[in-house]
Amino acid sequence: MSTSILPPRMDRRTAIKWMLTAAAAAAVLERDAVGADPAMPAAKGYGTDPDLLKDYKPGAAWPLTFNETERATAAALCDVIIPADAKSPSAASLGVHDFIDEWISAPYAEQAADRKPILEGLAWLNTESQRRFQNDFVSLIASQQNALCSDLAYAPIAKPEFMTAAQFFKKFRDLTAGGFYTTPVGMKDLGYIGNVPRASFAGPTSEVLKKLGLV
Amino acid sequence: MPFLTNRKTQPSYDVIVVGSGAAGGQTAYTLTMAGAKVLMVEAGRNYDPVKETPMFQTDGQAPLRGAGTPDKDLGFYDSTVDGGWKVPGEPFTNASSDPKRQFTWWRARMLGGRTNHWGRISLRNGPYDFKGHSRDGLGLDWPITYDDVAPYYDKVEMLVGIYGNNDGLENTPNSSPGVLLPPPAMRAGELLAQKKSQPLGIPVISAHRAVLSVKQDADNIPAKLHPGNHRAQRILAEAMRARAACFWATDCGRGCSIKANYQSPTVHLPPALATDNLDILTDAMVREVTLDENGKATGITYIDRVTGEERHVSARVVVLAASSCETVRILLNSKSPRFPQGVANSSGVVGKYIMDTVATSLGGQIPALENLPLANEDGAGGIHTYVPWWLYSEQHAGKLDFPRGYHIEFGTGRRMPGLGTAAGLEWLTGGSFGRSFKEDARRYYGSFISFGGRGDMIPNEDCFCELDPTVKDKWGIPVLRFHWKWSDYELRQTAHQQKTFAAMIEAMGGKVRTPPAADPSTVIRPGGNVKHEVGGARMGDDPKTSVTNAFGQTWDVKNLFLTDAAPFCSNADKNPTLTIMALAWRASDYLLEELRKGNL
């Protein structure tokens, strides 16, 4: 494909990127001051022969990263993505934001690549909340949080100025869903009823077969 | 004779078996049941699936929700320990820097090797698969026919326990009556795929897998496998009774603490140890096969990974069953004035004709499977159904632009939710979040299907391995350097796979996640990635062009045998493990007979 004509919006998109304000920069600086590297954690992985029978809580395998503000913002965003409803509680009530902290704190390349975008994304969320609603994200009312996140919900149709934030939101939504649906509560919410020993495997019920047009 | 925790081997053995997986396990089993004194040498650590398998752990209990990492490539609960795409301190290299020309090598450093985590898919090669060159002029013929191997397929299937049906389809052999265990019922999505694929002429049938759908017949099988050998029968009957039938939960890739599926440490090794004819030395990295002045093998040299010392142990016969490429590496590293190119390599063929499986996948979403009533679809911890290659006559009539076939494995069902279960749904939801996202996650859970092709690769001159001239592992042993190139045969087959999967998804009323790739080289899995690497020391009729005879006995050194996949002459679409075990049993019977005759 020819690259001779660069549409103006490309330049604009590149130019926008993250607009770190003083407040967001301060959050990053604060972490730098205590020595954590936002690029790659110094901790060691769990090795090639970890204990597979142990129950690992976030923080058990390596130290976590979030400061108080980041942790609160992450929890609030988890709950915008997966709030409580009639069937199950919210993501943050199950500690999913701590799993996301574990994720960005992991000393592996795949997770480390998410570290900077997520830390910057959380900071951006507060900056944007301040800009639009003169409050931090955690203090916004639900309709304000939803309005903000609606602009980020689907990267392919996001406005150019929200493109980077929309990519952050996609990653954060995937991690929130992954964290939530791997808990017993989340599994039950989806209707997963396995992982129990049974005497036999009979295949689908007649009700299922009928619904699929297989009888 | 037990696990050598004191690390003291006996002065000499009848046979040394290098490796403890499908090949080493079967070889040691057959030999010790017949009374031979065997030392098994395994590079990795001891591993006990009964005590170590995380059976009911959920991803929520694992670091990173069980995601794969360089420490545990296939996920936290995959049974592989101390192995994967990279083994610390034990590299391999590639001659080319082009990723499409590189081979990637999966290794497991643990007792039982890859049998701990494998998919348990156990398909017989058919008659065509042993005579590819005679049929289409491509690749290599084996020096054996299906009929030579059929009795051993029966024996292995009875020993390890394989579920499946006899469908009588072309080049998809039946087992003898009474050999197979009943297959599990199909899941909802599998039944739907079966019905909707029928108009396309694509047969969806029960898979064959090494899982006990019912307990084995411990009263009758032992006498069939070991006629006249009452001690062996008694030991096997006891071992069979110690295995439970599948309880229809947990993924087989974790291993199985109730011994319901086949893995060498729970199926081959317990009876072999019970004969008192087997010593097992773990954490022992074999460097080379040693020879006497007459060119006969005298034993092996290994590095004790615990102490770092180099040791030697003697035997009348040496069997390499270390996995095909590791076996090749040992041969090439066993240099002597008699064999300057490596032992048993007077043909120069060692390292040549390595093959992997031709694989690509395509997934989609099936609206008919949305919002189904709750059902437990865990099943047998792996696939219940598959599609055998079905276009033999079209191919024969010249209607396809590639030779050889592929089978289709597919995943569907309301599986245990994981990190990815509700991830990346935007292509369906338009980016929902909040309560509508929770509704979407419920709606789409269990409605996805993914098809994966597993195809026959023609061996070629561009796919081989050799010793790297400079790189050594941490034990000072030269490492392998790989060369790889898919030919147009594989790439055209890949394109056909993609189109077929899209047609199947659409026939089910579904939407493909991504359209079939225009360039198959972008979607074919890299060489080695399916972990079905075979070849490198082919068997044949002619010592000038092959490394072993039809029994895996090397032409050059008559008391040196290869019983893993190194002697394979083709890589049929059928997954190699069952054939490895059948040929290992056949080679071991021959070895025993030659020992009895005093020929070794």
Side-chain angles (χ1 to χ4, degrees), chain A residues 45-50 52-53 55-56 60-61 80-83 85 87-88 99 102-103 106 108-111 146 149 153-157 170 173-174 177-179 181-184 186-187 189-205 207-209 211-214, chain B residues 45 52 54 56-67 69-72 76-77 81-84 88 184-188 191-192 195 247-250 368 372-380 414 416-424 426 430-435 437-438 441-442 445:
Chain A
Y46 47 65
T48 56
D49 191 7
L52 302 185
L53 305 181
D55 201 345
Y56 294 82
V80 172
I81 291 167
I82 298 189
D85 66 2
K87 203 166 176 186
S88 65
F99 152 64
E102 176 194 52
W103 183 272
Y108 300 113
E110 183 193 339
Q111 286 75 26
N146 286 334
C149 290
Y154 194 32
I157 56 166
K170 175 192 161 37
R173 176 173 49 207
D174 282 353
Y181 292 114
T182 47
T183 63
M187 289 188 193
D189 180 324
L190 289 181
Y192 175 71
I193 55 171
N195 206 33
V196 289
R198 305 166 79 196
S200 61
F201 181 81
T205 59
E207 187 192 1
V208 172
L209 292 175
K211 197 155 180 252
L212 288 173
L214 295 170
Chain B
R45 75 162 170 89
E52 299 190 52
F56 293 104
Q57 272 74 4
T58 63
D59 284 344
Q61 295 169 272
L64 303 174
R65 280 355 195 214
T69 68
D71 283 332
K72 295 278 292 184
F76 191 72
Y77 289 128
V81 297
D82 290 337
M186 293 189 190
R187 301 175 177 101
L191 285 166
L192 188 68
K195 182 180 177 187
F247 56 32
W248 313 107
T250 83
L372 288 179
L374 298 196
N376 180 336
E377 295 203 296
D378 282 358
R414 302 173 67 87
M416 183 152 76
L419 189 56
T421 296
E426 304 89 85
S432 64
F433 64 92
R435 289 184 181 179
F437 176 77
K438 290 180 92 170
R442 289 164 196 147
Y445 167 62

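Just so it is clear, the structure is predicted and the values come from calculations on it, not from any experiment. Excluded from the calculations below are hydrogen atoms, water molecules and symmetry mates; all remaining heavy atoms, backbone and side chain alike, are included. Naming: A, B, ... by sequence-line order, numbering from 1 per chain.
Atom CG of B:N376 sits about 9.5 Å away from atom CZ of B:R187, to the nearest 0.5 Å. Expressed to the nearest 0.5 Å, how far OH of A:Y181 lies from CZ of B:R65 amounts to 13.0 Å.
Aromatic ring pairs are classed by plane angle as parallel below 30°, tilted from 30° to 60° and perpendicular above 60°; the pair B:Y445 and A:Y192 is perpendicular.
Between chain A and the options B:T58, B:V81, B:L192, B:T69, heavy-atom pairs under 4.5 Å are most frequent for B:T69. In terms of non-hydrogen atom pairs under 4.5 Å with chain B, the most contact-rich of A:G47, A:A153, A:G203, A:A199 is A:G47. Interface remark: of the candidates B:A380, B:G66, B:G430, B:S432, B:G430 forms the most heavy-atom pairs closer than 4.5 Å to chain A. Contact count versus chain A (heavy atoms, under 4.5 Å) is highest, among B:T421, B:T250, B:D59, B:L374, for B:L374. Contact count against chain B (heavy-atom pairs under 4.5 Å) is highest for A:D85 among A:V196, A:V80, A:I81, A:D85. Your options are B:G84, B:A441, B:A368, and the one with the most heavy-atom pairs under 4.5 Å with chain A is B:A441. When B:G424, B:G434, B:G60 are compared by the number of non-hydrogen pairs under 4.5 Å with chain A, B:G434 comes out ahead.
Less than 6.0 angstrom separates the ring centroid of B:F76 from the ring centroid of A:Y46.
Annotation for B:P184 and A:F201: closest pair CB-CD2, 4.5 Å, computed over non-hydrogen atoms. What you find for A:A177 and A:I82 is that their closest heavy atoms are CA-CD1, 3.9 Å.
Residue contact with chain B, scored on non-hydrogen atoms closer than 4.5 Å, is absent for A:I157. For B:A188, the parts lying under 4.5 angstrom from a heavy atom of chain A are both the backbone and the side chain. Heavy-atom distances place both the backbone and the side chain of B:K438 under 4.5 Å from chain A. Looking at A:A106, only its side chain comes within 4.5 Å of chain B, counting heavy atoms on both sides. Contacts of B:M416 with chain A are made by both backbone and side-chain atoms, with heavy-atom separations under 4.5 Å. Neither the backbone nor the side chain of A:P156 comes within contact range of chain B, judged by heavy atoms closer than 4.5 Å. With a threshold of 4.5 angstrom between heavy atoms, A:E110 approaches chain B through side-chain atoms but not through N, CA, C or O. Contacts of B:A375 with chain A are made by backbone atoms alone, with heavy-atom separations under 4.5 Å and no side-chain atom involved.
Counting heavy atoms from C-beta outward, B:L64 and B:L419 have side chains that stay 4.5 Å or more apart.
Shown here are the ring-ring contact (aromatic ring centres under 6.0 Å, His included) partners of B:F433, two or more places apart in sequence or in another chain: A:F169. Not counting sequence neighbours, the partners of B:F247 by the ring-ring contact (aromatic ring centres under 6.0 Å, His included) test are B:F56.
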